Amino acid sequence: MTHPPSHQTLERYNAKDSEPRWQEAWAQARLFETDNADARPKYYVLEMFPYPSGRIHMGHVRNYAMGDVVARYKRAKGFAVLHPMGWDAFGLPAENAAIERKTNPRDWTYANIATMRGQLQSMGLSLDWSREIATCDPDYYKHQQRMFLDFLGKGLVTRRTAKVNWDPVDHTVLANEQVIDGRGWRSGAPVEQRELTQWFFKISDFAQDLYDALDGLERWPEKVRLMQRNWIGRSQGLQVRFALATAVEGVGEAIEVYTTRPDTLFGARFLAIAADHPVAAALSGANPALQAFVDECRRMGTAQAAIDTAEKLGFDTGLTVRHPLDPSWTLPVYVANFVLMEYGTGAVFGCPAHDQRDLDFANKYGLGNTPVVCPEDQDQDSFVITDTAFDGDGRMINSRYLDGMTTGEAFEAVANRLEAEVLSGRPVAARKVQFRLRDWGVSRQRYWGCPIPIIHCEACGPVPVPVADLPVRLPEEVSFDQPGNPLERDHAWRTVPCPSCGAAARRETDTMDTFVDSSWYYARFTAPWLADRPTDPAAVNRWLAVDQYIGGIEHAILHLLYARFFMRAMQATGWSGVSEPFAGLFTQGMVVHETYKDAAGAWVPPAEVRFSTEDGERRGFHVKTSAPIAIGPIEKMSKSKKNVVDPDDIIASFGADTARWFMLSDSPPERDVIWTEEGVQGAARFVQRVWRLVNAAVSATGSGGGDAALRKAAHKALAAFGEDVERLRFNRCVAHVYTLANALEDAFRGGASAAAGREAAGILVQLIAPMMPHLAESCWAVLGRDGLVAQAPWPGFDPALLVEDTVALPVQVNGKKRADVTVPRDADAAAVEALVLADEAVRRALEGRTPRKVIVVPGRIVNLVV
RNA sequence: GCGGCCAUGGCGGAAUUGGUAGACGCGCUAGCUUGAGGUGCUAGUCCUGCAAGGGGUGGAGGUUCGAGUCCUCUUGGCCGCACCA
């Protein structure tokens, strides 16, 4: 019999000493630097790169711990793994810091990067730091400028006017996140909408493909695919021209309407056009009341409060149009506040009976309604609509030649007829697929972003900066002592000769949306050393798509959709041979923590609270004053609620392995994980336990009792771990490791031999290596194994050890469990039945009855039905 | 309003995808050890019952030999989009 060495004689594992040593050893061996020429099968694992806000937070720790498990595991499995890291370094916080602290955004950003790089390195992540990039580096953004020009050349970039948020006090454009409750974040003044000429990426050119290709992204969460599908918003309908009944100067001869419900055309009562519709503009010149209404709509339009109340308002233009299925039937045309110019044609036909908005509108203006679709379970003669529109399918009524058809049949009948009819030389209607997705406006009136490489010339218009002149660098010296974009005030920077005619011209002073920077960084990682071009298509095609991308759900739509667009645009311009950037996507949950408040209602950080559980109730007290602290709800860690735990503090007191292990334990990775002090202690205890067990293994002197059971336990854990880590079920991987640790403990008590102990301990160490890599290296050394565990191939398991010779089958009688019967593993159904019926407990449960039916599920269960 | 997800002990969660509900961890209880700033070990911990047994996965039905898992209804919570024609 041997016992694990007691904790008094064995020195505790010292993470503080050991972790930096192993990090140094890995760096010396350049284990994680990836060679593009490595011919083994590739695996690209990537976590969403961080914004250099100052310090890493627990969300980063969780994200990167997960990615590192995958990277280390895949490396051990023999893949050529690419696991890079960089910085999403442009953005508004740098400008805010510059304003508040009188620093330069560049200095602030690079100082943060240095701090955060050190923090990430202290986590022991297996990253290829030789490929590090920062998006604010001219060596990065010059290629982005190059691609902007290439996209422009391919017609994937356009320029037109769009609304921006304007702060009338600070005289500056505001980003959406700087508008709080409709007011400027600094001035507090109500924000106005202003029209500016801006640059757009034509993401809508790819709407159909972006939509269709979602079906192929099988390793994306269904939730994210659904969100993207809804965002792209594909609908199939009919674009119908309604001829004007009376000619009016400047209005044209027809109004085009898009509808997904042409089947309800006989229920039409009116036409409604958007306030921004050209017809409204044409009419309002001679009609001050209409002009006033249009202005009112524009003011209300973006005021979110107005949308909530959603009162339907309209203005009768006096114009009438002919019904396309019956020219003798005319309909009034309204300008209505609920019609959007950005969607469809900016005009709708109103069918009050079958659309709630149209019904609200018709009821308000006394336009009536005609039900034309009757639900199958309703009586057609008595079917009326009052306050609630019916938008389902049914049988056509009140619709002349359509009566009796289903809605689907009526859709086809109307579409076919109107497509064949001609008005002024063109078909009256055409089938159309419509998308909700709008083009991506990328112009930002900001300093700290990638300059848009365009020069505006009086004579030549917007002229691309010649590729040889790239990058257009941001000016080094910048001041934020006045509101607005400093680039606009920097005349020396702004004023340049026109590349086309040589006349004095001015630079574009807008910079690109920071989402552009993050739309292609994963492609740049495949060859970040290239000086003269954004990518090497061979390298891109070698590494992309990213096999496993890991990040927060908050990027489910914008970042992931923009990246998908960018790959397609890069494909169109020859910079990539693939169209989908991310083959596998995983969205991890947040790190949450209890909140604490003192008697005055002020937030209290966790470090200042101690707890007592006397009389069964858990109460909080201030560590210094002992004043009672109220324990509040569990919420996302945030500075404002002070419920944050600094990763540096955890790493300093427990080590990176403890923090990583805790982040991977318990909660499934896609769900939120609750950070608790007890949980961290548990993880820290386990670190010491592994250390003791491994040391016990090398000094074991048992004679081999329990060796067989130990081997089985080790190989079972190995098999189960492998299956779960492939599916990113890290919480289950952790459970398998604990189970093996328990088995090791039992085996040493039972007298396991040193050989069996070493083998099982070796497997345990390899299992923890992706999760607690430093501890694993120390243990590997104790076991006397060669090299670094980070270089060791993943062990194979012996399938023969996974199956038991006998199996304890639960026996149910009428679905209730009554007994366990041990049978040989390969016994056939008849043999099992015989054994079961002979069992004493089973016979007692049967009370002499004979089963009517016997269900034997081999290896699982037996059910007797009496 | 539309769309989606979730609900299991005191807590986080597991359940081989329709086959022994509660793995593993945290917490708690008792004992032993250690010894004073986060130790280790043993036993126990869904409810009820001395026990045999009985009950149990938000609630009510259903399908099935068998349901945490599938179907219908319902309650509660979370998330996304939001006047999209």
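For the numbers below, each heavy atom of this structure counts, side chains included, while hydrogens, waters and symmetry mates do not. In what follows, chains carry the letters A, B, and so on, assigned in the order in which the sequence lines appear, proteins first and then strands, with residues in each chain numbered from 1. A quick note: this is a predicted structure, and the numbers were derived from the prediction, not measured.
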**Asked** Of all the nucleotides listed (B/U20, B/G40, B/C24), which has the minimum atom distance to the side chain of A/R692?
**Response** B/G40
**Asked** Do the ring centers of A/W661 and A/Y738 come within less than 6.0 Å of each other?
**Response** yes
**Asked** Does the B/U39 base have a donor-acceptor partner in the side chain of A/R12 within less than 3.5 Å?
**Response** no
**Fill in**
Closest of B/U17, B/G4, B/C24 to the A/R727 side chain is B/U17
**Fill in**
Nearest heavy-atom approach of A/D439 to A/S204 is OD1-OG, 2.7 Å
**Fill in**
So OG1 of A/T822 and CG of A/D839: to nearest 0.5 Å the spacing works out to 8.5 Å
**Item:** Partners meeting ring-ring contact (aromatic ring centres under 6.0 Å, His included) with A/F315 (sequence neighbours left out)
**Value:** A/F293
**C1' atoms of B/A7 and B/G12, separation to the nearest Å** = 15 Å
**Message:** When the C1' atoms of B/A43 and B/G80 are compared, how many Å lie between them, rounded to an integer?
**Reply:** 49 Å
**Request:** Based on the glycosidic angle (syn within 90° of 0, else anti), state the conformation of B/G58.
**Result:** anti
**Asked** CH2 of A/W675 versus P of B/C26: gap in Å, rounded?
**Response** 15 Å
**Asked** Taking atom C1' in both B/G1 and B/C46, what distance in whole Å separates the two?
**Response** 41 Å
**Request:** Quick one: list whatever passes side-chain contact (heavy atoms from CB on, under 4.5 Å) with A/Q208, sequence neighbours left out.
**Result:** A/D212, A/R234, A/V433, A/F435
**Request:** Just jot down the side-chain contact (heavy atoms from CB on, under 4.5 Å) partners of A/E670, sequence neighbours excluded, or say none.
**Result:** A/F586, A/P668
**Complete:** ring pair (Phe, Tyr, Trp, His ring centres under 6.0 Å) test vs A/F662 passes for just one of A/W675, A/F686, A/F730, namely A/W675
**Request:** Would you mind reading off the distance between A/F390 atom CZ and B/A85 atom P, rounded to a whole angstrom?
**Result:** 17 Å
**Message:** Between B/G25 and B/G62, how far apart are the two C1' atoms, rounded to whole Å?
**Reply:** 38 Å
**Request:** Answer with base, sugar-phosphate or nothing: what part of the nucleic acid does A/F435 contact at a heavy-atom distance below 4.0 Å?
**Result:** nothing
**Item:** Spacing between A/L359 atom CG and B/G1 atom P, to the nearest angstrom
**Value:** 16 Å
**Fill in**
Residue set satisfying salt bridge (charged side-chain N to carboxylate O under 4.0 Å, His left out) with A/D649, at least two apart, ordered chain then number -> none
Could you run down the sub-3.5 Å N/O contacts of the protein with nucleotides 76-81 of chain B?
{"unit_1": "B/C79", "atom_1": "O2'", "unit_2": "A/K223", "atom_2": "NZ", "d": "3.3"}

**Fill in**
Residues at least two apart in sequence or cross-chain that pass side-chain contact (heavy atoms from CB on, under 4.5 Å) with A/H736, listed by chain then number, are A/A720, A/D724, A/R732
**Length of the line joining A/L226:CG and B/G3:P, which is rounded to integer Å** = 11 Å
**Asked** Mind checking the C1' distance from B/A21 to B/U72? Whole angstroms is fine.
**Response** 25 Å
**B/U74 and B/A52, which share atom name C1', separated by this distance in whole Å** = 38 Å
Check the interface with nucleotides 66-70 of chain B: list each N/O to N/O pair with the protein under 3.5 Å, or write none.
none

**Message:** Within this structure, what is the CG-CD distance for the pair A/D387 and A/Q356, rounded to the nearest 0.5 Å?
**Reply:** 8.0 Å
**Message:** Pairs counted only when both distances fall under 3.5 Å, Watson-Crick or G-U: show me the 5' to 3' dot-bracket for RNA chain B, [ ] for pseudoknotted crossings and | for other-strand partners.
**Reply:** (((((((..(((......[....)))((((((.......))))))(((....)))..(((((..]....))))))))))))....
**Asked** What is the distance, rounded to the nearest whole Å, between atom CZ of A/F270 and atom C1' of B/A85?
**Response** 10 Å
**Request:** With heavy atoms under 4.0 Å as the rule, sort A/D358 into base, sugar-phosphate or nothing.
**Result:** nothing
**Message:** Considering every strand and a 4.0 Å limit on heavy-atom distances, what is the contact class for A/Y258: base, sugar-phosphate, or nothing?
**Reply:** base
**Request:** Using ring-ring contact (aromatic ring centres under 6.0 Å, His included) as the criterion, list what pairs up with A/F266, not counting sequence neighbours.
**Result:** A/H323
**Asked** The side chain of A/A735 lies closest to which of these nucleotides: B/C26, B/C83, B/A23?
**Response** B/A23
**Request:** Assert yes or no for the condition that the ring centre distance of A/Y365 to A/F270 is strictly below 6.0 Å.
**Result:** no
**Closest listed nucleotide, where the reference is the side chain of A/I855 and the choices are B/C41, B/C65, B/C83** = B/C65
**Asked** A/P606 and A/N643: which non-hydrogen atoms are nearest, and at how many Å?
**Response** CD-CA, 4.0 Å
**Rounded distance in Å - CZ (A/R234) to P (B/A85)** = 13 Å
**Request:** Locate the shortest heavy-atom distance separating A/E677 from A/F654; write the atom from each residue and the value.
**Result:** OE2-CZ, 4.3 Å
**Asked** Separation of A/E594 atom CD from B/C26 atom C1', in whole Å?
**Response** 13 Å
Residues 344-354 of chain A side chain polar contacts: donor-acceptor under 3.5 Å, at least two apart:
{"unit_1": "A/T345", "atom_1": "OG1", "unit_2": "A/E256", "atom_2": "O", "d": "2.7"}
{"unit_1": "A/T345", "atom_1": "OG1", "unit_2": "A/A347", "atom_2": "N", "d": "3.4"}
{"unit_1": "A/T345", "atom_1": "OG1", "unit_2": "A/A347", "atom_2": "O", "d": "3.3"}
{"unit_1": "A/H354", "atom_1": "ND1", "unit_2": "A/F390", "atom_2": "O", "d": "2.8"}
{"unit_1": "A/H354", "atom_1": "NE2", "unit_2": "A/V372", "atom_2": "N", "d": "2.9"}
{"unit_1": "A/H354", "atom_1": "NE2", "unit_2": "A/V373", "atom_2": "N", "d": "3.1"}

**Asked** Looking only at atom P, what distance separates B/G3 and B/G61, rounded to whole Å?
**Response** 28 Å
**Asked** Partners of A/K16 by salt bridge (charged side-chain N to carboxylate O under 4.0 Å, His left out), sequence neighbours excluded?
**Response** none
**Asked** A/R860 has an atom CZ; how far is it from atom C1' of B/U20, in whole Å?
**Response** 11 Å
Protein-nucleotides 11-14 of chain B N/O pairs closer than 3.5 Å?
{"unit_1": "B/G12", "atom_1": "O2'", "unit_2": "A/S667", "atom_2": "OG", "d": "2.9"}
{"unit_1": "B/G12", "atom_1": "N2", "unit_2": "A/D666", "atom_2": "OD1", "d": "2.9"}
{"unit_1": "B/G13", "atom_1": "OP1", "unit_2": "A/R671", "atom_2": "NH1", "d": "3.4"}
{"unit_1": "B/A14", "atom_1": "OP1", "unit_2": "A/N731", "atom_2": "ND2", "d": "3.4"}
{"unit_1": "B/A14", "atom_1": "O3'", "unit_2": "A/R732", "atom_2": "NH1", "d": "3.0"}

